[in-house]
**Q** 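First, the structure itself, so that you have it in front of you.
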Amino acid sequence: MPFANIKLPEGVADAARKEEIIHRVTAMFVEYFGERARPYSMVLVEDVADGGWGRADETLTMEKMGIKPTP
């Protein structure tokens, strides 16, 4: 079963954008593995609280990265 776990900063993607991500990732799985993969494809889109993640020993925030939340 193909599985993708997409983590985004909380507030940067609305429901429509998350749905688009799910459709496009599923389409990619089908492109690679064939149509038989569609019913078994799992795409999880998770919101991560601001400051709840980091890279290279630095806590990242939306402000540090210059990202503005979706209104």
Side-chain angles (χ1 to χ4, degrees):
M1 165 188 347
F3 177 80
N5 187 349
I6 311 294
K7 295 181 185 281
L8 302 171
E10 191 171 45
V12 300
D14 60 13
R17 181 58 57 101
K18 290 175 186 177
E19 186 172 349
E20 179 185 355
I21 291 168
I22 291 166
H23 290 309
R24 293 178 74 171
V25 171
T26 301
M28 181 190 67
F29 285 151
V30 169
E31 179 182 336
Y32 282 106
F33 304 116
E35 191 60 43
R36 68 187 182 280
R38 186 181 304 276
Y40 304 105
S41 295
M42 167 76 89
V43 181
L44 177 61
V45 180
E46 292 185 272
D47 290 318
V48 177
D50 194 30
W53 43 301
R55 179 182 58 110
D57 200 32
E58 178 183 3
T59 300
L60 296 176
T61 64
M62 291 172 51
E63 182 180 2
K64 284 181 183 178
M65 294 184 299
I67 298 172
K68 301 206 184 303
T70 303

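Because the structure is predicted, anything quoted here is derived from the model rather than measured.
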**Q** So, Lys64 side chain and Thr59 main chain: donor-acceptor pair closer than 3.5 Å or not?
**A** yes
**Q** Nearest 0.5 Å, what's the CZ-CZ distance between Arg36 and Phe29?
**A** 13.5 Å
**Q** As an exercise, state the distance from CD of Glu46 to CG of Asn5, rounded to the nearest 0.5 Å.
**A** 4.5 Å
**Q** Are Phe33 and Met42 linked, directly or through intermediate hydrophobic residues, by side-chain heavy-atom contacts shorter than 4.5 Å (ILVMFWY only)?
**A** no
**Q** Going through the distances and angles, do Leu8 and Val48 end up as a side chain to side chain contact (heavy atoms under 4.5 Å, CB included)?
**A** CA-CA 6 Å; Leu8 302 171; Val48 177; over 6 Å; no
**Q** Out of curiosity, Asp50 CG to Thr61 OG1, how far, rounded to the nearest 0.5 Å?
**A** 5.5 Å
**Q** Do you reckon Val12 sits in the same ILVMFWY cluster as Leu44, going by side-chain contacts under 4.5 Å, direct or chained?
**A** no
**Q** Please tell me whether Phe3 and Val25 are part of a single hydrophobic cluster in this structure, the criterion being side-chain heavy atoms less than 4.5 Å apart.
**A** no
**Q** Quick check: closest heavy atoms across Ala49 and Glu10, and the distance to 0.1 Å?
**A** CA-OE1, 3.8 Å
**Q** What are the two closest non-hydrogen atoms of Met1 and Tyr40, and how far apart are they?
**A** CG-O, 2.5 Å
**Q** Grouping I, L, V, M, F, W and Y whenever their side-chain heavy atoms are under 4.5 Å apart, do Val30 and Tyr32 come out in a common cluster?
**A** no
**Q** Rounded to the nearest 0.5 Å, how far does CZ of Arg24 lie from CD of Glu31?
**A** 11.5 Å
**Q** Taking NZ, NE, NH1 and NH2 as the nitrogens, is one of them in Lys18 or Asp47 under 4.0 Å from a carboxylate oxygen of the other?
**A** yes
